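One structure below.
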Amino acid sequence: MSKTGLFFGPENGAVHRVAKKIEELAGTGNIDLIAVADARAGDLEKYKKIIFGISTVGRETWNQDFSNTDWSGFFPEIAKASFEGKIIAIFGLGDHVTYPSHFVDAMGQLAGEIKKNSPGVRIVGQTGTEGYEFGDSEAVVDGKFIGLPLDEDFEPELTSRRVSDWIDAISPDFGF
């Protein structure tokens, strides 16, 4: 079984905690955690199965000005990589109370960047919108979130169950 690369950012916050939870639920030795602040396109090429973890931090995110985040240096690296033949899953953190019209937008923007140079990429782990309160999201495609949305600010009590259910859903594709 090949390992999964879990690329996440920022470090030492809620996205990092969720990445560690995913690593734990996937089983020891199945996932390599890689902070996007230190990653390059070549790191993406090493994996056939990739999970991305990103947060929507505020107005700078939906204006696509990532200059103050760990993702600022990594988005250009995504543009250099091919995702053809890979299996991708995305989780995103957002704030559905303060930013209901931009809930987990970064997750949708990331999926868009991945699809730009790899239109046939396989993204798995879509999540229904039921049970989520929000106004709008760039992460909703065909009535479902492109990945797993989480709100650690206002719904941290739901995170463990949502992550566990999501891992169960993507396990057949990732081999956990």
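The figures here come from the full heavy-atom set of this structure, side chains too, leaving out hydrogens, waters and symmetry mates. This structure is a prediction, so every number in the text was calculated from the model and none was measured.
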Check: What distance separates F83 CZ from I78 CD1, expressed to the nearest 0.5 Å?
Finding: 5.5 Å
Checklist line | Cationic N near anionic O, under 4.0 Å, E113 to K116 | finding: yes
Next item on the list: Using a strict 4.0 Å threshold on nitrogen-to-oxygen distance, state whether D43 and K46 make a salt bridge.
Entry: yes
Checklist line | pair I146-Q126: side-chain heavy atoms closer than 4.5 Å | finding: yes
Checklist line | Distance (rounded to the nearest 0.5 Å) between Y99 OH and T56 OG1 | finding: 10.5 Å
Check: Once you round to the nearest 0.5 Å, how far does CG of L25 lie from CD1 of I170?
Finding: 10.0 Å
Check: Would you call E24-K21 a salt bridge at under 4.0 Å N-O?
Finding: no
Note to self: Do D32 and Y47 pair up side chain to side chain, a donor and an acceptor below 3.5 Å, judged on atom types alone?
What the structure shows: yes
Next item on the list: Supply the atom-to-atom distance H16 NE2 to F8 CZ, rounded to the nearest 0.5 angstrom.
Entry: 3.5 Å
Checklist line | Spacing of S55 atom OG and D70 atom CG [to the nearest 0.5 Å] | finding: 8.5 Å
Item checked: Distance in Å, L93 CG paired with T159 OG1, rounded so as to fall on 0.5 Å steps -> 7.0 Å
Margin query: Looking at G125, is its backbone amide N or carbonyl O close enough to the side chain of W166 to form a donor-acceptor pair, meaning the two atoms are under 3.5 Å apart?
Written below: yes
